[in-house]
Amino acid sequence: MTTAIAIGMDGLIYASWLFLVAAGLTVIYGVMRILNMAHGSFYAIGASAGAALVTWYFANVDGNAYWSFLLLPAAAVVAGVILGLAVEQGLLRFLYRQNEILMVIVTYALLLILEDLTKLVFGVDPYFAYQPYGLLGRCEIAGLIFSNYDLMLVAVSATIASGAWFILNRTVTGKLLRAVVHDREIAMAMGVNVSAMFAATFVVGATLGALAGALTAPAISVSPGIGVEVIILAFAVVVVGGLGSIEGAIVGSLMVGLSRAAAVHLAPEIELFVIYGVMALVLAVRPQGLFGRAAARKI
Amino acid sequence: MSAKTTIDKTQVALLIATAAFAAAGVIAPYWLCFLTMLALAKALVVQGVVIQMRLGLVSFGQGLFFGIGGYAVGIASNFWGISDAFVLLALALAAAVAVAAVLGLLMARYRDIFFAMLSLALSMILFGVLVKSQGLGSTDGFNVPAQSYLGWVPAPGQQKLVAYVLTIAVVGTVALLLCRYLGSGAGQIAEAVRENEIRVEYLGLSPRWLIYASYVMAAGVAALGGALTAFATGHVDPEMAYWATSGEFVFIALLGGTAHVAAPFLASILFSVVRTYAFEYTPHTWQLILGLVLLAIIVFLPKGLWSLVQREGKVRA
Amino acid sequence: MNTILETRALCRTFGAVIAANSLDVRIEQSEVVGVIGSNGAGKTTFINMVTGYLSPSSGEILFEGRSILGHAPRRITRMGMARSFQVAQLFPELTVLDNLVCALIGAEGAHPSFLKPARSPARIAACDAILAEFGVEHLRDDPVRAVPQGARKLIDIAMAMVGRPRMLLLDEPTSGVSVEEKFALMDTVMAAVRRHGVTVLFVEHDMEIVERYVSRILAFYSGKIIADGPPAAVMADERVRELVIGHHTRPAGSRRRSAQP
């Protein structure tokens with residue numbers, strides 16, 4: 001029973017982290033049909049910026065320690081907006097007519113560039129911004145100890161998920177976005193400002209990636225190279241759910257998160273394969289993912 | 001058909017180049033031979049990427065088979081005591097082909113970004129396994145002892161030269177076979193698959209079968225590249241299967257383009273030269289440079305550097 | 001007469017839309033059958049099912065007496081039933097000759113050689129002959145993307161004919177072709193078809209084309225066949241006039257070209 005609860009809780013915590021990382025990727029793909037390989041870099045930059053700011057704050061400012069909870073997302077939003085705008089306006093908008101696979105290569109080039117830029121800006125030494133993590137303390141659930149920071153991430157993740165769902169399904173902006181997804185040209189002809197939509201979407205997606213990194217920063221040692229694993233994980237999650245679908249990302253994170261937690265507790269040696277195992281299994285049965293729609297070519 | 005008509009100019013040129021490279025090994029300094037070996041071995045993996053690119057598929061995980069080739073050599077020579085270079089090459093090839101024959105069943109169902117990302121994920125699984133395997137040296141990998149050749153063990157001073165000649169011979173043979181493939185019926189249909197799968201199906205052919213065959217072929221050449229790299233450096237480590245290694249293969253493939261069998265070789269040699277100098281002068285901005293050059297290629301030379309060599313509008317394999 | 005293609009109670013639904021509602025069709029050898037019907041009547045769906053691209057919801061399809069239900073398009077093509085497409089399905093970056101070479105490779109066997117050259121002298125000669133037969137030999141070395149619409153449709157059909165099919169399905173052979181070109185195109189195609197004794201079924205919006213070339217008409221309306229018989233009889237049929245051709249008969253030549261994508 002304890003194991004079951006542990007699996008459930010750990011799975012939930014891991015799933016909310018996965019959703020945080022995957023959300024930006026799926027939003028950008030859903031609207032723009034760009035699989036952003038540089039998403040992992042946004043995550044890494046958000047983590048570095050957040051960690052650097054928090055480290056600086058604790059070293060140099062003698063203020064209330066709880067301010068660090070605002071500094072993390074603030075650093076992420078600033079980094080995400082600047083980067084997102086720069087990348088979208090400076091590069092991607094010139095390439096929207098290209099096919100999906102070429103865009104993968106373009107964003108791969110971006111990944112290479114951003115990896116080195118991150119090192120140049122933040123250095124190669126790891127950051128440890130552990131203070132916010134310890135600040136919240138721990139709690140006991142059914143005899144098991146959990147970090148309150150991790151539980152807070154679950155809440156943040158749930159908020160972002162419901163917020164995204166609400167915007168897409170219950171607001172005018174969401175309707176316009178879905179119109180753009182459905183048919184770019186028609187939406188444009190109907191007077192929807194598609195280029196503004198694209199720019200906004202990319203900035204939001206990039207910021208989500210940076211936010212995921214910043215919020216994760218206190219729990220890990222932030223060092224170069226953390227971005228690439230993230231893009232593969234995020235892709236696995238998003239593929240399980242169906243590329244471009246928020247509901248899919250939620251279900252995908254839960255499936256992958258719970259499976260991994262189960263593996264960690266029951267069969268640690270297969271942990272590495274579980275994530276990809278879930279992905280391979282889903283893809284074998286439903287190549288378009290659980291929430292994706294299969295597109296047959298019209299002839 | 002007579003043999004005479006099937007030998008074309010490109011094949012003759014490849015034979016001459018192979019002989020010239022082998023002969024150069026005797027006079028060239030060893031560091032140059034060493035760099036050439038690495039560049040050519042890498043080019044074999046790139047050939048695999050190119051084979052798939054001609055079908056419209058981009059593999060971001062060719063490091064998987066590069067790594068399998070390298071580790072097959074490492075494991076066989078360290079743990080099974082096999083030192084014969086030809087047996088080791090055959091083992092590397094067999095291991096990669098066996099793995100690809102299974103994974104190909106899954107991969108051949110996917111296109112575009114799915115193919116790209118799944119190939120990346122698969123290579124990162126191998127990387128993860130290798131890093132976690134203490135018995136295989138974890139992140140450090142392990143050393144590969146010197147090879148013998150059909151029972152002949154070259155004198156210590158000759159080892160390197162022999163390894164060089166072997167590399168040239170293997171690369172030359174593969175290049176000739178690939179040249180035949182590019183101009184063959186299957187090679188032609190591969191391009192047709194890239195252009196229009198539905199039509200290929202309605203010509204009575206199976207696009208998926210061709211993709212599967214190409215996947216296995218690409219795995220085979222990548223493993224040979226991995227094995228030759230292990231011979232040259234005397235060392236294997238998980239880095240071979242790392243995403244950045246696979247990314248370099250894609251980079252070189254795009255740099256050379258898919259129009260000619262020689263393009264990946266030239267691109268790989270050029271890449272190695274630039275890399276050697278870049279590492280010396282700006283070690284922390286290597287990836288930055290790669291990324292910028294990649295963007296420049298996509299924007300200005302979408303068909304790769306070979307399009308500069310080639311006469312306008314004439315695309316031949 | 002021998003029946004070459006037969007469908008029994010063929011049905012296909014897309015959600016709530018019934019694209020094929022219990023179609024019973026028999027095509028005899030050497031017939032030239034025209035299929036008419038308004039957009040969405042189920043004509044292309046019929047071709048897609050018969051050639052294996054779409055699987056029927058229910059029903060049976062027999063080609064030369066053998067069931068081909070569930071066969072992949074490539075298998076059905078190999079059995080001797082080929083098709084052309086509403087929008088020519090070619091290999092745009094390859095030359096016209098190479099497009100034909102690909103078709104010939106496909107016709108020669110399911111597993112092309114990895115070592116023997118694609119452009120063997122024998123293949124090139126065979127392809128040149130086909131190009132000449134379809135009157136597009138002057139475009140031989142042009143990449144398909146640079147070739148005009150009408151010629152593309154011809155190449156599309158030529159590629160289907162390379163495999164020497166016994167039955168050919170043409171999906172709107174003259175759509176996207178200019179009014180001046182379309183009779184010449186059909187003359188070329190029909191001459192080739194007759195020379196090789198191929199049974200033909202073609203979907204067409206243009207009644208002049210249909211009347212001129214076919215020996216029998218199938219009229220589709222909303223997934224059903226509402227008339228089947230010699231052209232004169234079908235064209236005179238009250239329901240066909242009402243549901244397919246339209247009440248008013250437009251003067252010849254002024255009919256708008258099909259706008260179906």
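Here is the naming used below: chain letters follow the sequence lines, and residue numbers restart at 1 for every chain.
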Task: C:T95 versus chain B, the contacting section by heavy-atom distance below 4.5 Å - done: neither
Open item on the list: Heavy-atom pairs under 4.5 Å with chain C - which of B:G204, B:S206, B:P207 has more of them than the others?
Closed with: B:G204
TODO: For B:R180 and C:L115, work out which heavy atoms get closest and say how close.
DONE: NE-O, 3.1 Å
TODO: Could you tell me which portion of C:D156 (side chain, backbone, both or neither) has an atom closer than 4.5 angstrom to a non-hydrogen atom of chain B?
DONE: both
Task: C:R66 atom CZ: more than 12 heavy-atom contacts under 6.0 Å - done: no
- [ ] Drop me the distance from B:R194's CZ to C:L94's CG, to the nearest 0.5 angstrom.
- [x] 6.5 Å
- [ ] Please tell me if the side chains of B:L203 and C:L104 come closer than 4.5 Å, counting only heavy atoms from C-beta onward.
- [x] no
- [ ] Answer with side chain, backbone, both or neither: which region of B:L210 has an atom nearer than 4.5 Å to a non-hydrogen atom of chain C?
- [x] side chain
- [ ] Answer whether the closest heavy-atom distance between the side chains of B:W209 and C:P112 falls below 4.5 Å.
- [x] yes
Open item on the list: If you count every heavy atom of other residues, nucleotides or ligands that lies below 6.0 Å from B:R109 atom CZ, does the total exceed 12?
Closed with: yes
Task: Heavy-atom check, side chain of C:E93 versus side chain of B:E191, under 4.5 Å - done: no
Open item on the list: Distance check, rounded to the nearest 0.5 Å: B:R208 atom CZ versus C:R74 atom CZ?
Closed with: 8.0 Å
Task: N/O donor-acceptor pair under 3.5 Å between B:S184 side chain and C:S113 backbone - done: yes
Task: Residue C:A122 versus chain B: region with a heavy atom under 4.5 Å - done: neither
Task: Contact origin within C:A82 toward chain B - heavy atom pairs under 4.5 Å - done: neither
Task: Portion of B:V200 that has a non-hydrogen atom of chain C nearer than 4.5 angstrom - done: both
Task: Side chains of B:R199 and C:F91 in contact at under 4.5 Å (non-hydrogen atoms) - done: yes
Open item on the list: A quick test of your reading: do over 12 heavy atoms of other residues, nucleotides or ligands sit less than 6.0 Å from CZ of B:F114?
Closed with: yes
- [ ] Determine the option with the most heavy-atom pairs under 4.5 angstrom with chain B, choosing from C:A72, C:A118, C:G106.
- [x] C:A118
